> 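The structure that follows is given in the form of structure tokens.
Note that the structure is predicted; figures quoted are calculated from it, not measured.
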Amino acid sequence: MEKMKALVFHGVNEISIDEVPRPRAGAGEAVIRVTLTTICGTDLHIVRGGYPVKPGLIIGHEPVGVIEELGPGVTGFQVGDRVLVGAITPCGQCHACLSGHQSQCGHGGGYEAVGGWRFGNTINGAQAEYLLVPYAQANLAKIPDELSDEQVVLLADTASTGFGGAESGGVRIGDAVVVVAQGPIGLCATAGAKLMGASLVISVDGDENRLRMARWMGADVALNYKEVNVVSEVKRLTGVGADVAIEALGAQETFEQSLRCLRPAGTLSSLGVYSGKLQIPYDAFAAGIGDYRIVTTLCPGGKERMRRLMEVVRRGRVDFTPLLTHRFSLDEITQAYRTLGEHRGGVIKVAIRP
Ligand SMILES: [Zn+2]
Ligand SMILES: [Zn+2]
């Protein structure tokens, strides 16, 4: 049996590069040789035990690669094609997919919360030399020749999710939008709010390096929550409060702050992944009669989503490459996890080259 190198999750805080069997493509599947991937905050969460996956799993869900093998039934692609595959791999056929909720694609034909998230969750993921792509017909997106791997790798998850926050929030031309937390997803939400026509984008974080990057990604105002009262500053800048608040961390504090930044009848668009209990104080919520809208979003995936995002980059609307601050080989990936986990050297995203 042919082998490959991959990052294997063995248990909480136990990961290593192992030799594992190389996948083969069955009907409807493809195998890609991974040429670039990255580490998501969710992977850190998995390694630290905050989101359980089974020991022995290869983690990672942001693949760029070259088609190595195509299973029977996959048409319109050739071995050797460069492809981007979304973090979420909808089947395109089930009840959820055909109702337009691809991220909640069910494993058994129906709806299932986070069901469409398979890589590094329910099946082997992308931090490996090769990756088996399920439902390949719906999920392989050819990369235009003029785009490099680094230009597209963040579209698989980070940018798709960040933009999704602005889209689900229904940002309209002329809106005032506040984006709370400027990690990679929040930075992409900042860019998304700008792209959707917000006239004022206020980005919030406590790290000056990230606030600088927020301005580069399109923030008109970058607020350091350690230095100013964010809620009163947003009220002062907007007069009434933000039309849309995007929460990009997943904590009680940031959720509540996002809600308090809104004008009545505003929308809280939540991207965070929460644990424990989330509470809504009655005053932040106008006791339930403020006509607030709260929406949540899991990363949109599938080849059409990837095609659209690649067009946004190809047409020069946005450039995510400045977010790739550090580079590592697959052999050095545990070092990359440490760099990211300890926020070393102004790291935002790491590029991992198998
Ligand atoms: Zn992710
Ligand atoms: Zn489906």
> How far does CZ of Arg210 sit from CE of Met217, to the nearest 0.5 angstrom?
12.5 Å
> Under 3.5 Å, sequence neighbours excluded: what are the donor-acceptor pairs made by side chains of residues 70-78?
none

> Show, in sequence, the C-alpha distance, side-chain angles and deciding distance for Leu200 and Val177, and conclude whether the side chain to side chain contact (heavy atoms under 4.5 Å, CB included) test is met.
CA-CA 6 Å; Leu200 176 62; Val177 179; over 6 Å; no
> Taking Glu62 first and then Lys349, would you say they form a salt bridge - that is, a charged N and a carboxylate O separated by under 4.0 Å?
yes
> For Ile348, does its backbone N or O pair with a side-chain atom of Thr325 as donor and acceptor, under 3.5 Å?
yes
> Under the criterion side chain to side chain donor-acceptor pair (under 3.5 Å), which of Arg307, Arg314, Arg308 is the partner of Glu311?
Arg314
> So, the side chain of Gln127 versus the backbone of Thr38: is there a donor-acceptor pair under 3.5 Å, distance only?
yes
> Going by atom types alone, do Ser329 and Asp331 pair a side-chain donor with an acceptor below 3.5 Å?
no
> One thing to verify: whether Arg82 and Asp145 come together as a salt bridge, which I'm taking to mean a side-chain N less than 4.0 angstrom from a carboxylate O.
no
> Side chain to side chain contact (heavy atoms under 4.5 Å, CB included) with Pro300: which residues, sequence neighbours excluded?
Ser160, Arg305
> Which ring pair (Phe, Tyr, Trp, His ring centres under 6.0 Å) pairs, counting each pair once, include a residue from residues 282-321, with sequence neighbours left out?
Phe163-Phe320
> According to a 4.5 Å side-chain heavy-atom criterion applied to Ile, Leu, Val, Met, Phe, Trp and Tyr, with indirect links allowed, do Met310 and Ile32 form part of one hydrophobic cluster?
no
> Under 4.5 Å between side-chain heavy atoms, hopping through other hydrophobics if needed: is there a path connecting Val34 to Leu132?
no
> Would you call Asp243-Arg172 a salt bridge at under 4.0 Å N-O?
no
> With the threshold set at 4.0 Å, does a side-chain nitrogen-carboxylate oxygen contact exist between Arg327 and Glu332?
no
> Going by an N to O cut-off under 4.0 Å, is there a salt bridge joining Asp283 and Arg260?
yes
> Using modelled atom types and a 3.5 Å cut-off, is there a donor and acceptor pairing between side-chain atoms of Thr267 and backbone atoms of Val244?
no
> For Gly26, is there any backbone N or O sitting under 3.5 Å from a side-chain donor or acceptor partner on Glu29?
yes
> Is there a continuous path of hydrophobic side-chain contacts, each under 4.5 Å between heavy atoms, that joins Val20 to Ile333?
no
> Between Arg353 and Glu150, is there a salt bridge with N-O shorter than 4.0 Å?
yes
> Please determine if Arg33 forms a cation-pi arrangement with Tyr130, meaning its NZ or CZ atom is less than 6.0 Å from the six-membered ring centre and no more than 45° off the ring axis.
no
